[in-house]
Amino acid sequence: MTVHNAEIAEKFNHLANLLEIEGANPFRVRAYRNVARIIGGLTKNIADMLAEGEDLTELPGVGKDLAEKIATIVKTKNLPLLKQVEARIPAVLSELMKIEGLGPKRVQLLYKKLKITNADDLKTAIEKGRLRKLRGFGEKTEQNILQGILHRTQYAKRMKLADAFPIVNSLLNYLKHHKEIKQVECAGSFRRRKDTVGDLDFLATGKNSEKIIDYFLGFDEIGKVLSRGTTRSTVHLHSGIQVDLRVVPEKSYGAALVYFTGSKAHNIAIRRIGVQKKLKINEYGIYKRNKYVAGKTEADVYKQINLPYIDPELREDRGEIEAAKNHALPNLITLSDIRGDLHCHTKATDGDSSLEAMAKAAEELGYEYIAITDHSSHLAMVHGLDKKALIKQIKAIDRINKKLKKLVVLKSIEVDILEDGSLDLPDDILKELDLTVCSIHSKFNLSPKKQTERTIRAMDNLYFTILAHPTGRLINQRPPYLVEMERIMMAAKERGCILEMNAQPERLDLNDIHSKMAKEKGVKLAISTDAHSRAQFAYMAYGVYQARRGWIEKPDVINTLPLSQLGKILHRS
DNA sequence: GCCGTTTTCGGCCCGACTGTTTTCAGTCG
């Protein structure tokens, strides 16, 4: 079994944490964190790259030493240096660093002086008043750490992007009502449209920053104020979500927006370019010999370092800066490019709305087509359709298409891929459909090899069109099932099959990295909502966000095509 | 540990806020 990129990245992150606690050279620690991030964002398997004889030192931030360490992990599944460090200090200290208010220095002190290695020990020590005897620790710090432990046990998970939207909108509405505030935006991973969001970073401009901070602290959803300065404040909402507000002058808005949108790695990369050009870049602007030269808009900031504007979704230091330098940034897909939805359900199985209601809603959205894809009978708990029921639905669609003027309803099914790779309905009925959406809903625990071969066997069926939610993950609920994604993509490409970017907020499957991988391999995508009600057609936005994070452009996505061209893609053979 | 239009050595992004301090370390983003 080959080592996954994520496992390699995890080893380096863990190593970085432990070395940081030991007080190692911070730049060496950063080098390990950096390589973890680079590997985590790769669209190729490191193991495959090595097998093909690629030189890993070509990767940014990877030199001779790291290339050797990576090769050792791939060969032996072990990192000897990590073993050595773990022999010196307990591996679990890495976990303590995740508690708010605890960094490497404090964790080191707690371990050295009080032999504390976990949150339970720490809580006991605080309750017995042992912490405040340490130099640099006082009563307040004790209480803050205690709160940090509590907060972490209650709100360990990042929220789904879709869950952030209503909170962001309500706070934006509140802030926009203050006359001192000129501009306000939610930046951070929310603005990069990452699939999950940790805390929310708001940015506002205005002259009287203290008044603005005061007003912010009057927001009625605020539970606890963690910090409060003249230009910045951090709070927890009643819901447990952390919100930061930063106030800067208007001329700094662009620079601050770049800074607060991140990612951190992207910021470091552009500041480094600044250093090369003898420019200092911070959240207030770009400075040449301490003189302000730009910062009002984001485009101004990028222009000063000779780069075009980079869309927030791309700002992960995953090649966007290189692409910007070469004028090769993607022209990202937008919601208005979408002409139809190729995956949705009706009352016939587990949807909430009738066929007619779904068609009407799609027409109101201005779509040219939708595919009705109810479940097949193998999914018994939703009363999936058998052949007879599907024939009945086909006839109903024929009747409704006669009535519709602007929209065409395509006949389809979300057909289960069975354990042996066969489809859950016979070919003689599948051939009557315009397309099929094929998915795995059982046997998630097969070995990666078996799961992959199951999927590829299914694609061998000439009536297989789209592979739905290719990894089956449910954010915060179920990990992706293990498949060899590169093999699946190559198989899809050879056979003319499409991969789905499922837009349900808890799925977003393919993820961003897999989307980018699909694009690089030339595999076409369908962005589909899997709507189970009329309202869920709106999830298309989340699918498009995720696709944008995966560098996807309009031509990569089949449901940007007019119906006349779509048919050619859907029919294989 | 990485890296090179000042460099193969000596740098490495930059600033706000808190708490425990008497001038600053630690943490966070």
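Every heavy atom of this structure was used, including side-chain atoms; hydrogens, water molecules and symmetry mates were not. Chain naming here is simple, since letters A, B, ... match the order of the sequence lines and numbering starts at 1 in each.
Taking the six-membered ring for Trp and the full ring otherwise, the centers of A:Phe202 and A:Phe216 sit at least 6.0 Å from each other.
Across all strands shown, A:Leu15 has no heavy atoms under 4.0 Å from either base or sugar-phosphate atoms. A:Pro104 comes within 4.0 angstrom of sugar-phosphate atoms only, judged by non-hydrogen atoms across all strands, and of no base. A:Lys140 comes within 4.0 angstrom of the backbone, heavy atoms only, and of no base. Among the heavy atoms of the strands, none lies under 4.0 Å from A:Gln276. A:Thr230 comes within 4.0 angstrom of sugar-phosphate atoms only, judged by non-hydrogen atoms across all strands, and of no base. If you check every strand for non-hydrogen atoms under 4.0 Å, A:Glu139 touches sugar and phosphate atoms only. Looking at heavy-atom distances under 4.0 Å, A:Leu102 makes contact with sugar-phosphate atoms alone, never a base. Nucleic acid contact for A:Phe260: none, since no nucleic acid atom lies under 4.0 Å from a heavy atom of the residue. Nucleic acid contact for A:Lys69: sugar-phosphate only, since backbone atoms but no base atoms lie under 4.0 Å from a heavy atom of the residue. Within the 4.0 angstrom heavy-atom criterion, no nucleotide atom of any strand lies near A:Asn267.
Inter-residue side-chain proximity for A:Ile286 and A:Val301 is flagged as met; some heavy-atom pair is nearer than 4.5 Å.
For A:Arg152 and A:Tyr155, the positive end is not near the middle of the six-membered ring at less than 6.0 Å and at most 45° from its axis.
Scanning DNA chain B 5' to 3' for nucleotides with an atom closer than 4.0 angstrom to a non-hydrogen atom of chain A gives a first and last hit of B:dG1 to B:dG29.
Under the Watson-Crick or G-U wobble criterion, with both distances below 3.5 Å, B:dA16 is paired with B:dT27.
For the residue pair A:Thr261 and A:Arg191, a side-chain donor N or O sits within less than 3.5 Å of a side-chain acceptor on the partner.
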Under the criterion salt bridge (Lys or Arg N to Asp or Glu O under 4.0 Å), I'd like the reasoning laid out for A:Lys160 against A:Asp163: C-alpha separation, chi angles, the key distance, then a yes or no. CA-CA 5 Å; A:Lys160 296 190 286 283; A:Asp163 295 339; 3.7 Å; yes
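Between A:Phe165 and A:Tyr542, the ring-plane angle classifies as perpendicular under the 30° and 60° cut-offs.
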